[in-house]
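To keep things clear, I will list the structure first and then write my remarks on it.
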Amino acid sequence: MAKFLTNRDENYSQWYNDLVIKADLAENSAVRGCMVIKPYGYAIWEKIQAELDRLFKATGHVNAYFPLFIPKSFFSKEAAHVEGFAKECAVVTHYRLKNDENGKGIVVDPTAKLEEELIIRPTSETIIWHSYKNWIKSYRDLPILINQWANVVRWEMRTRLFLRTTEFLWQEGHTAHATREEAIEETLKMINVYAGFAENSMALPVIKGYKSENERFAGALDTYAIEALMQDGKALQAGTSHFLGQNFAKAFDVQFTDRTGKLDYVWATSWGVSTRLMGAIIMGHSDNHGLVLPPKLAPIQVVIIPIYKNIEQLATLSETANKIKAGLEALGISVKYDDRDNNKPGWKFADYELKGVPVRLAIGPRDLENSTIEVARRDNLTKETIPINKVNELIPKLLEDIQSNIYTKALNFRKENTFYVDKWDDFLKVLDNQGGFIMAHWDGTVETGEKIKEETKATIRCIPFDSPEEEGKCVYSGKPSKRRVLFAISY
RNA sequence: CGGGGUGUGGCGCAGUUGGUAGCGUACUACGUUCGGGACGUAGGGGCCGGAAGUUCGAGUCUUCUCACCCCGACCA
């Protein structure tokens with residue numbers, strides 16, 4: 001049991017905060033709502049980026065970069081879009097500072113006021129579609145399949161490390177298509193890429209579905225999302241993909257000539273995931289000992305810790321340890337050999353557990369005599385001793401096993417915490433108890449969704465793609481319904 | 001914006017009826033240790049978020065102010 005870490009079952013959100021800080025992933029910064037992502041946390045993000053980038057490119061996308069600033073006027077061109085984001089925009093009004101005349105530091109120079117204010121992007125649809133207007137003339141220019149890795153700013157009222165910060169890192173894909181069908185296909189393709197990534201790399205099962213009307217992205221005709229269940233019974237929206245129809249093409253007057261010579265507006269999609277995924281990984285798997293990282297995203301997959309009594313012994317152990325390290329690295333595994341002299345082995349054990357390193361190898365004089373090594377796995381905290389000459393064979397398997405084990409664990413947790421509910425009382429009961437996913441009938445109206453939210457804080461997370469058609473009655477209004485939707489209290 | 005809380009060595013905290021700042025930890029050095037968060041000895045480091053006030057004297061009392069954190073409304 002990790003000392004200094006709040007117990008997960010006593011105070012989940014305190015546990016989460018503690019964990020982020022103690023595992024050295026991030027810390028609060030001098031700027032309200034903004035965090036410093038520390039090297040260990042950033043290393044995980046880099047792994048996320050690398051794999052997603054690979055998946056995007058494998059599906060035909062390319063990277064580009066657009067400005068951080070968006071002229072205010074761009075924003076107002078798409079009505080729903082402004083309305084959705086206006087309340088949380090940071091605005092640049094001046095471009096110069098000067099020395100205060102009273103000698104009290106530095107003030108904004110009032111003569112340096114911008115003609116037109118600049119918005120710091122909360123998302124880039126507008127600035128990108130402004131460019132697309134110049135790029136697209138003909139169906140031959142389509143599709144455009146662009147992704148950008150960037151930071152965005154949304155002035156949220158309340159922030160939480162990784163889950164919601166004022167500035168956050170993300171990727172945003174912005175594609176342009178000649179037909180409605182092709183754009184919808186793209187929207188679907190990308191939500192599937194996200195779901196695949198969540199399940200394969202993050203070891204987190206997700207539910208894919210449509211957002212209900214009032215949960216949709218500002219300016220979208222349809223939003224698809226992946227929803228994951230966290231260990232405290234709350235849902236986390238882990239990624240979204242939007243079918244934007246011709247809204248932005250119309251707002252920015254982006255037309256093209258199709259095969260038959262006819263002029264039409266371009267069809268659009270956008271899709272994104274953010275550093276919030278870090279929060280999903282943390283809350284999806286970790287325990288009272290600290291972080292549990294999926295091997296595929298762990299910056300350090302294997303740590304080797306020497307146990308020794310003196311320098312000479314350390315030298316001998318290091319020789320073997322370095323050989324093991326080199327052998328594993330040749331197999332593409334990232335290994336850290338921690339021969340620091342300032343902490344004892346026990347301290348290191350606890351520290352790497354806190355940091356979620358999937359596999360720990362401990363080697364001491366006893367092992368050296370027997371040509372063995374102790375292998376400890378982070379996911380279930382079990383240990384065993386294996387012959388050193390089996391390391392190259394067993395460790396890769398073990399990493400795979402841990403990856404699939406934590407996925408299965410998360411999947412079982414979700415199964416146990418998904419409730420098919422038909423009565424309003426039962427709906428309330430689930431929320432009162434442990435929370436979780438609730439599959440219930442809904443009459444399809446915004447009003448009912450709003451009322452349920454008001455009374456319970458639970459929202460329609462999505463209408464799952466695979467929710468089968470069945471006759472039923474809305475859990476709240478009793479009106480007829482054709483399929484169950486996913487309700488939960490969310491982050 | 002409403003409610004709650006906190007600002008004191010790097011971090012975590014204590015500081016009584018006001019008397020000139022202390023503990024744990026981390027850090028530095030040396031020695032003993034090392035199979036689940038070692039120990040001893042010796043060191044270095046803070047002017048108490050900021051401003052004004054009361055007082056012979058303020059970490060402590062008063063007023064104002066700033067910042068951050070947590071809970072709610074908003075949201076990825």
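Side-chain rings of A/F56 and A/W271 approach one another, their centers coming within less than 6.0 Å. Close placement of the A/F465 and A/Y210 rings is indicated, their centers lying within 6.0 Å of each other.
Residue-to-nucleotide contacts include a donor-acceptor pair under 3.5 Å from the side chain of A/K383 to the base of B/rG36. Evaluation of atom-type donor-acceptor distances gives a pair under 3.5 Å for the side chain of A/E353 against the base of B/rG36.
Separating the CZ atom of A/R340 from the C1' atom of B/rG37 is a distance of 12 Å, rounded to the nearest angstrom. Atom C1' of nucleotide B/rG37 and atom CG of A/N288 are separated by 16 Å, given to the nearest angstrom. As rounded to whole Å, 13 Å separates atom C1' of B/rC69 from atom CG of A/N11. For the pair A/L314 CG and B/rG35 P, the computed distance is 14 Å after rounding to whole Å. To the nearest angstrom, C1' of B/rU25 lies 15 Å from CG of A/N342. Note: CD1 (A/I305) to C1' (B/rG37) measures 12 Å, nearest angstrom. A/D18 places its CG atom 12 Å from the C1' atom of B/rC69, with the value rounded to the nearest Å. Computed from coordinates, the A/W347 CH2 to B/rA26 P distance equals 9 Å when rounded to whole Å.
Listed candidates were B/rC69, B/rG37, B/rG35. Nearest to the side chain of A/N28 is B/rC69. Comparing B/rG36, B/rG72, B/rG35 by their closest approach to the side chain of A/P365 singles out B/rG35.
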Close N or O pairs between protein and nucleotides 30-34 of chain B (under 3.5 Å):
residue: B/rC34; atom: O2'; partner: A/Y308; partner atom: O; Å: 3.0
residue: B/rC34; atom: N1; partner: A/Y308; partner atom: O; Å: 3.2
residue: B/rC34; atom: N4; partner: A/K309; partner atom: O; Å: 2.9

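Taking the side-chain hydrogen bond (donor to acceptor under 3.5 Å, both in side chains) definition, one finds that A/E215 meets it with nothing, sequence neighbours left out. Not a single ring-ring contact (aromatic ring centres under 6.0 Å, His included) links A/Y352 to another residue, sequence neighbours left out. For A/F217, the ring-ring contact (aromatic ring centres under 6.0 Å, His included) criterion is met by A/H81, A/F85, A/H242, not counting sequence neighbours. Annotation: side-chain hydrogen bond (donor to acceptor under 3.5 Å, both in side chains) contacts of A/N151 (sequence neighbours excluded): A/R121, A/E167.
Only the C1' atoms considered, B/rA14 is 35 Å distant from B/rC1, to the nearest whole Å. For B/rG59 and B/rG9, the P atoms lie 14 Å apart once the distance is rounded to whole Å. Across B/rG22 and B/rC68, the matching P atoms stand 32 Å from one another, rounded to whole Å. Comparing the same atom, P, in B/rG37 and in B/rG49 gives a spacing of 37 Å after rounding to whole Å. Taking the C1' atoms as reference points, B/rC47 lies 30 Å from B/rU41, given to the whole Å. B/rG19 and B/rC13: their P atoms are spaced 24 Å apart (whole Å). On the P atoms, B/rC69 is 26 Å away from B/rU63, given to the nearest whole Å. Nucleotides B/rC11 and B/rG46 have their P atoms positioned 14 Å apart, rounded to a whole Å.
A donor-acceptor distance shorter than 3.5 angstrom exists from the side chain of A/N247 to the backbone of A/G219, with no hydrogens or angles considered. Using modelled atom types, no side-chain atom of A/D53 and backbone atom of A/Q49 make a donor-acceptor pair closer than 3.5 Å.
Within 4.0 Å of A/E374, counting heavy atoms only, lies at least one base atom of the nucleic acid. When heavy atoms are screened at a 4.0 angstrom cut-off, A/E156 is found touching base atoms of the nucleic acid. Across all strands shown, A/L163 has heavy atoms under 4.0 Å from base atoms, whether or not it also approaches the sugar-phosphate. Among the protein residues, A/S13 comes within range of the sugar-phosphate backbone only, with heavy atoms under 4.0 Å from sugar or phosphate atoms but none that close to a base. Here A/N17 lies in heavy-atom contact (under 4.0 Å) with sugar-phosphate atoms only. Within 4.0 Å (heavy atoms only), A/R160 reaches no atom of the nucleic acid at all. As judged by a 4.0 angstrom heavy-atom cut-off over every strand, A/S490 is placed among residues making no nucleic acid contact.
Looking at which nucleotide of RNA chain B each of A/G239 and A/G33 is closest to, the 5′-most match is held by A/G33. Of the residues near RNA chain B, A/I373 and A/Y491, the one whose nearest nucleotide (by heavy atom distance) lies more toward the 5' end is A/I373.
Residue pairs satisfying the side-chain hydrogen bond (donor to acceptor under 3.5 Å, both in side chains) criterion with at least one member in residues 188-197 of chain A, sequence neighbours excluded, are listed as follows: A/Q171-A/Y194, A/N192-A/K208. Sorted by first and then second residue, the side-chain hydrogen bond (donor to acceptor under 3.5 Å, both in side chains) pairs with a member in residues 357-369 of chain A read A/E353-A/R360, A/D367-A/T372; sequence neighbours excluded. The list of side-chain hydrogen bond (donor to acceptor under 3.5 Å, both in side chains) pairs with a residue in residues 314-325 of chain A, not counting sequence neighbours, reads A/S318-A/Y337, A/K325-A/E329.
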Watson-Crick and G-U pairing of RNA chain B, under 3.5 Å, as dot-bracket with | and [ ]: (((((((..((((.....[..)))).((((((.....)))))).....(((((..]....))))))))))))....

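Ionic pairing of A/E51 and A/R54 is present here: one or more N-O contacts between side-chain nitrogen and carboxylate oxygen are shorter than 4.0 angstrom.
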